[in-house]
Amino acid sequence: MPHILTTDFFNRDTLAVAEELLGKFLVRRNVNGISALKITEVEAYDGHQDRASHAYRGRTARNEIMFGPAGLWYIYFVYGMHEMLNIVTGPEAYPAAVLIRGVEGVNGPGRVTKHLNITRNLNTLSARKESGLWIEDRGIIVSKKEIHKTPRIGISYAGPVWGRKKYRFLITEIKKPAA
DNA sequence: TAAGTGATCTCT
DNA sequence: GAGATCACTTAA
């Protein structure tokens, strides 16, 4: 039986949540039915001191949701064309979230949202069945050996310290034998 | 490698 | 209000 992740899962250390999201399934229900895709790549944005985080300069209308309780979707629009999907983590008033950068067969945060028809109208909603977008544990175990950690992407403004932190987690690509 | 695209934020 | 910037993608 798939187990839907709830607040308890998300209301923990952001790095732990990010790492453990690998291998879980992002499930979307819309007019086309239900699709479930395994999460393969994420990034953590953790706390007000994280210079790469939207919350670094304090609370604004956009990042307000990052200060909210865990388990809410934070979806924003960048570069005039891409919606980014994040799940809020940690306790209320502590600004943190995990960006879902890739799922099985769909690489790149902008492509994930496009593929699953995820837009800002889901922003601030809760990750549960009722919202049409949630995350399930389907029993897949991801070993530490399969997990790669690298610096985050597209955050050169974050400076040498925060820019180099290995807050990006991805499942190692398994090389297929040449056909 | 550079352009596209528009919301958001910072400064006037 | 104006200008710069941006947690990206695609086409060369």
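Throughout, protein chains are lettered first and strands after them, A, B, ... in sequence-line order, and every chain is numbered starting at 1.
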Using a cut-off of 4.0 Å on non-hydrogen atoms, how would the nucleic acid contact of R120(A) be classed: base, sugar-phosphate, or nothing?
->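 Sugar-phosphate, backbone atoms only, no base.
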Heavy-atom pair with the smallest gap, counting every atom of D46(A) and Y94(A) |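 What the structure gives for the nearest pair is OD1-OH, 2.9 Å.
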Can a donor-acceptor pair be found between the side chains of S126(A) and S131(A) at a distance below 3.5 Å?
->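 No, no side-chain donor-acceptor pair sits under 3.5 Å.
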Matching residue for E43(A) among K165(A), K166(A), R101(A) - test: salt bridge (Lys or Arg N to Asp or Glu O under 4.0 Å) |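 Of the listed options, the one satisfying the test is R101(A).
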Mark yes or no for whether R12(A), through its side chain, and F9(A), through its backbone, hold a donor-acceptor pair below 3.5 Å.
-> yes
Who is the Watson-Crick or G-U wobble partner of dC8(C), with both distances under 3.5 Å?
-> dG4(B)
Electrostatic pair E19(A)-K144(A), nearest N-O below 4.0 angstrom = yes
Under a 4.0 Å heavy-atom criterion, the protein footprint on nucleotides 2-12 of chain C, written with B, S and -, is ----BBBSS--
Interatomic distance where OH belongs to Y56(A) and P belongs to dT10(B) [whole Å] =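 After rounding, the reported distance stands at 12 Å.
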